[in-house]
Q: 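Below is one structure. I have some questions about it.
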Number of protein chains: 2
Amino acid sequence: MSSAAELPGFASEPGSAADRPYPGGIPEATVARLPVYLRALYMLAERGVSTVASDELARAAGVNSAKLRKDLSHLGSYGIRGVGYDVEYLVYQVSRALGLTQNWPVVIVGAGNLGRALAHYGGFVTRGFQIEAVFDTDQSLIGSDIGGVVVRPSSELEAVVTSQNIAIGVIAVPAGAAQAVCDRLVAAGVTSILNFAPLVLNVPEGVDVRKVDLSIELQILAFHAQRRSAERFDQAPDQTAAEA
Amino acid sequence: MSSAAELPGFASEPGSAADRPYPGGIPEATVARLPVYLRALYMLAERGVSTVASDELARAAGVNSAKLRKDLSHLGSYGIRGVGYDVEYLVYQVSRALGLTQNWPVVIVGAGNLGRALAHYGGFVTRGFQIEAVFDTDQSLIGSDIGGVVVRPSSELEAVVTSQNIAIGVIAVPAGAAQAVCDRLVAAGVTSILNFAPLVLNVPEGVDVRKVDLSIELQILAFHAQRRSAERFDQAPDQTAAEA
DNA sequence: TTATGTGAACTAATTCACAGCT
DNA sequence: AGCTGTGAATTAGTTCACATAA
């Protein structure tokens, strides 16, 4: 029914600020879940599903349906009461909200295991992002191919970032090298940094850093595991009913 | 001054539920930051710092000091007014809160780039966790060495998990294989799962799953980058002052 | 004097529950 | 009849500001 093409803005140039879609801004917690919804929507689309109700999409995304509907309501009113959401159209709307209707060229610094894993990771390569270059200082890696991109010497970082107008840089080097890499990226004009090195980066005002720490979640798991096993022994009278 | 050894429980057996330290429970948001504090504390300790004030530790961890103090207050009252925190002692207290004073044996399923990156990642290997086994189905990887651990065939997963009493499993396989791996881990007795595959896992009640999605943070970056560039063009009167 | 620990105030996020549209 | 969208209620998290202790 509600085909994507008939709605205003579907074919409009992405990045044009003429149509500002989210007047009040989207809550951070919602932004953080949109990629999850997007992935679930892609999976549904692949299975040939064209319409989905909030319950089903919520289940696929691992959240409850009230939260899903509230989240989507921040993007606009894109569902049909009594029916659900058009999958294709919602994919577009969520993509647009996330800024994925334009293509972001990114550079990855570090061609070790992690850099290579990133270059192949589903969703890193796909819609919205394109790996423009991978850098490393290790001579034995330079020139090798990673997912269709040739590894370049780090010395070329500034030239590539500047000439290709790169806004997003990914740091996948050891902790000891990360701040220096960060400084160079920022000096060359990068304003968004995804940091995989296990340390807090210092950046000037106006640069957005997000970190992914591969060990933090493991430590959180340990916390819960410990608590569960403690509860099994310890008959704390006011804690037993807290979670099943 | 306040040496760690003179405080009750320092040398006590970890895992003993006799001393239940956090009566009200620790807020999730706090738990998620404790690993960051722990890392900052280790860095200070390495630099020879023995005492640290909340401002300084907060700066090293990338949070504000009020939040840090509130977080630490949930673990107990381990600072000294007018002075600060004893680094060594606080390392111990935070470690204990996270359940890292005991050693958790973990298995990693998937010996691709990501699995190898994890096996070498600082903090994954270090205190609190020890990689008991790495599994893969790829014959060409089986038998190879990853950070001192030999890659085994996946068929041995159940035997290892059962005999070594593994509580934590890490899934680093492609999305298509992840649910099957998860089911096998759970059936073998694993109750905590760290999932790197880009999909939502289904697990029975009582199993704790946490996911790390390497692309979600990238998408969040794109959202903010888009918003910033939109603001530069678009003179929205009530949005300009929002952030500097 | 200095820096912690914490009630109180505030802000953000979640969940409820139902009006309103298809 | 069914499912969205959303105010209202609730819960969680953050920040303030200062009493308290070393």
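Nothing here was measured: the structure is a model prediction, and the numbers come from that model. First the proteins, then the strands, lettered A, B, ... as listed; each starts at 1.
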Q: Nearest to the side chain of A/S77, which nucleotide is it out of C/dC16, D/dA21, D/dG5?
A: D/dG5
Q: Considering only heavy atoms from C-beta outward, does the side chain of B/F196 approach that of B/D213 to under 4.5 Å?
A: no
Q: Check the pair B/S54 / B/R69 against side chain to side chain donor-acceptor pair (under 3.5 Å), numbers first and verdict last.
A: CA-CA 7 Å; B/S54 63; B/R69 289 202 305 279; 3.3 Å; yes
Q: Does OP1 or OP2 of D/dT14 have a side-chain N or O of B/N64 closer than 4.0 Å?
A: no
Q: Would you mind reading off the distance between A/D55 atom CG and D/dC3 atom P, rounded to a whole angstrom?
A: 7 Å
Q: Counting heavy atoms from C-beta on, name the nucleotide in C/dT4, C/dA8, C/dT14 closest to the side chain of B/K70.
A: C/dA8
Q: Once you round it to whole Å, what is the distance between C1' of C/dT15 and CG of A/L68?
A: 14 Å
Q: Of all the choices, C/dT6, D/dT4, D/dT20, which nucleotide is nearest to the side chain of B/R81 once you look at every atom?
A: D/dT20
Q: Taking atom P of D/dC3 as reference, at what distance in whole Å does atom CG of A/L57 sit?
A: 14 Å
Q: Quickly, which of A/Y37, A/Y85, A/Y89 forms a ring-ring contact (aromatic ring centres under 6.0 Å, His included) with A/Y78? Name it, please.
A: A/Y89
Q: D/dG13, D/dG5, C/dA13: which one has an atom nearest the side-chain heavy atoms of A/E28?
A: C/dA13
Q: The side chain of A/A29 lies closest to which of these nucleotides: D/dG13, C/dT14, D/dT4?
A: C/dT14
Q: If I take atom CG in residue A/D71 and atom P in nucleotide C/dT15, what distance separates them, rounded to the nearest angstrom?
A: 11 Å
Q: Return the value, rounded to whole Å, for the distance between atom CG of A/D86 and atom P of D/dT4.
A: 13 Å
Q: Given atom CG of A/L90 and atom P of D/dC3, what is their separation to the nearest angstrom?
A: 17 Å
Q: 5'-most contact on DNA chain C: A/T30 or B/R69, nearest heavy atom basis?
A: B/R69
Q: Figure out the OH/P separation between B/Y78 and C/dT6, and round it to whole Å.
A: 12 Å
Q: Rounded to whole Å, please give me the gap between CD1 in A/I26 and P in D/dT6.
A: 14 Å
Q: For the side chain of A/S54, starting at C-beta, report the closest nucleotide among C/dT15, D/dT4, D/dT6.
A: D/dT4
Q: Below the 4.0 Å mark, does D/dA22 have OP1 or OP2 next to a side-chain nitrogen or oxygen of B/Y85?
A: no
Q: Answer yes or no: is there a donor N or O on one side and an acceptor on the other, between the side chain of B/Q179 and the main chain of B/N202, under 3.5 Å?
A: yes
Q: Under 3.5 Å, is there a donor-acceptor pair between the side chain of A/E217 and the main chain of B/N195?
A: no
Q: Let's see if you can work this out: which of C/dA3, D/dT15, C/dT14 has an atom nearest to the side-chain heavy atoms of A/K67?
A: C/dT14
